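Everything below concerns the one structure shown next.
Here is the naming used below: chain letters follow the sequence lines, and residue numbers restart at 1 for every chain. Here the structure is a predicted model, which is why all the values come from computation and not from measurement.
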2 protein chains.
Amino acid sequence: MQDQTAATRKGRPPAKAHDAHVDLIAVVVAVTDQEPSVLTVGQANALPSGPFELGHRSLQSGLRAWVEQQTGHQLGYIEQLYTFADRDRIGEQRQQRVISISYLALTRAEHAAGPSKRAWRSWYDFFPWEDHRSGAPPVIADTLLPRLLAWVDERDHDPLKRERWQRAAIAFGFDGRDWNEELVLQRYELLYEAALVEEATRGSEPNKSLPISGISMIADHRRILATGIARLRSKIKYRPVVFELMPPAFTFLQLQRTVEALSGRLVHKPNFRRLIEQQELVEETGETTADTVGRPAKLFRFRHAVLDERVVAGTKLPLSRA
Amino acid sequence: MQDQTAATRKGRPPAKAHDAHVDLIAVVVAVTDQEPSVLTVGQANALPSGPFELGHRSLQSGLRAWVEQQTGHQLGYIEQLYTFADRDRIGEQRQQRVISISYLALTRAEHAAGPSKRAWRSWYDFFPWEDHRSGAPPVIADTLLPRLLAWVDERDHDPLKRERWQRAAIAFGFDGRDWNEELVLQRYELLYEAALVEEATRGSEPNKSLPISGISMIADHRRILATGIARLRSKIKYRPVVFELMPPAFTFLQLQRTVEALSGRLVHKPNFRRLIEQQELVEETGETTADTVGRPAKLFRFRHAVLDERVVAGTKLPLSRA
DNA sequence: CCATTTATTCTCTAAATGAGTATAATTTGG
DNA sequence: CCAAATTATACTCATTTAGAGAATAAATGG
């Protein structure tokens, strides 16, 4: 799953007319001080990216080269996210097609020294409504809910109103529904559709009452970031990827705080420990933490062997033994 | 998740030199007569595909257009699979880069009449080792195991031998391990690496003792098909996508047989029923089947409402209530 | 009517999950 | 040095879910 790439098709006449510009773009994630952060460039409002060039051996190596050049950061774990190609989601129009192939990279924030243009930034700067670690953030009730209600009311008649309202309610957990932390992309797309994010209004006249929600990014980078967050929030649940973000040795609490930072939710401490233990994902290093107050915690390391042993979780289909 | 696309990047000088040819390629799946089949073109050894052109509104609409033109088949549900760009996996070398953006489409085999070049073909023709509905297929013990052992033995020394053997054992369930039906792509890649599939030997001199395993496809289409099968086998477990493959009304057994066809494994009938029922995925139509022997089965239909109600399964993180 | 076939419902046990409570090992303020 | 305070770790208990199979129901074909 971590290394897929290849060209295809048999000798078809090269259709130069349709050739496209291909960009590689990276969502590089680290967690430091209980804050999930993303690697940015420029005015801290762009993801590292660059064109896929003839010199690149593969998509992945092209991506690594660009990120390293632009941020000085070397990537470890990466996986492909999604390939975008909409014309209408970019401000300017061009004659030529642009394809963006996005990747998710997991890393630790330290790594390589020296002065560089790299800037880590909490992803909740861009998505303030996504952090529910201390309850639902006020921005939802104060800003988003009223605005979304207005957007629902744009519709004249009932079935259409209800459809909009239901979508909003599912995405944000209104009407007593549960908050679902995985719906990052749906929420962003809804806000985009309701024109509650700055980038949705770029083509139009500057409306001073907007924008309102979070820091925006250039082009559609915020959408790509949303895609990455959604993927990661989903993936930590069934694959041991959190450990890519951890130092070599860590305590249970540190691990828990990392998961909480990513998912934007608090987890139940004893049950979290039980979950990790029963899956045998970690082993004791023998050391304990010294620096803290309270009872010192044992240090653990990730059991890399699990990557070989059980490639994947379990079934979920009620298989028959026959 | 079903409709994502967009262009990116701010005004960077168009780097014509690096422009790439972009192909769209479809894994179109249907299940008929308990056989999972894939839509092919050409000599029934190619997936429908075509270049992404300026006239296409989006990647998805371009894909739909090509499939419709080449097969006369109209697509319903589609989702993006993966974007490939390896140079070394295609027979011929070219100066220009080729990007293949692949999609998975789910449909029903009937649909549109008239003469057409479309051909449905069981995916097990291409992956005979993947069908475990009547136990492990003989090809594994008879052909693959000995060949893989020889491949393991190519390595001179122990740690390297062990590493190869462990990979094979995990992928194919040797050494008393369980068969994991989701590892379709890993298995294919392993066979490719061990040169046990025809396409792995295309650059080299024709070795008569090979090829051996399944029907091959042009270029890297078989790899893309493997990617699609793997995705589908994984996805049916946590999202109600099987219903895209079912007729409007169906019995529990038909539904079960469809799941079995896709996963290549038999499921436990009462527990399968319980699973579907407790998730309230279906409702009775009121009719029953007439044509069969034995007790007539009730007919059910998919409750489309579930797509709105619960967008997604559940948590899997031990959340705290606070 | 009886054997056969398929459908549907139950039962029972073992695991996994959710939610707390209890106990252990430290540090820190007096 | 002792009593909070603080964090870590271990247990408990009820509830749900999953795995495996038995029992019952409703047809068909003689």
### Task
Ignoring backbone atoms, test whether B:Lys269 places a side-chain nitrogen or oxygen under 4.0 Å from the OP1 or OP2 oxygen of C:dA7.
yes
### Message
Looking at A:Arg273, I'd like to know whether one of its side-chain N or O atoms comes within less than 4.0 Å of OP1 or OP2 on D:dA10.
### Response
yes
Over how many whole Å does the gap from [X] atom [atom1] to [N] atom [atom2] extend?
X        : N      : atom1 : atom2 : value
A:Lys237 : C:dT17 : NZ    : C1'   : 15 Å
A:Gln254 : D:dT7  : CD    : P     : 14 Å
B:Glu284 : C:dT8  : CD    : C1'   : 11 Å
B:Ile276 : C:dA7  : CD1   : C1'   : 16 Å
A:Lys298 : D:dA10 : NZ    : C1'   : 10 Å
A:Leu266 : C:dG18 : CG    : C1'   : 16 Å
A:Leu299 : D:dT7  : CG    : P     : 17 Å
A:Phe300 : D:dA8  : CZ    : P     : 11 Å

Using modelled atom types only, decide if a donor and an acceptor are shared between the side chain of [X] and the backbone of [Y] within a distance under 3.5 Å.
X        : Y        : value
A:Arg108 : A:Met246 : yes
A:Glu260 : A:Val267 : yes
B:Ser102 : B:Tyr82  : yes
B:Arg233 : B:Leu262 : yes
B:Ser234 : B:Ala230 : no

### Message
Counting primed atoms plus P, OP1 and OP2 as sugar-phosphate and everything else as base, spell out the protein contacts along nucleotides 17-26 of chain D at 4.0 Å heavy-atom distance: B, S or - for each nucleotide, 5' to 3'.
### Response
-BBBBB--BB
### Task
Check the angle between the aromatic planes of A:Phe302 and A:Phe243 and answer parallel, tilted or perpendicular using the 30° and 60° thresholds.
parallel
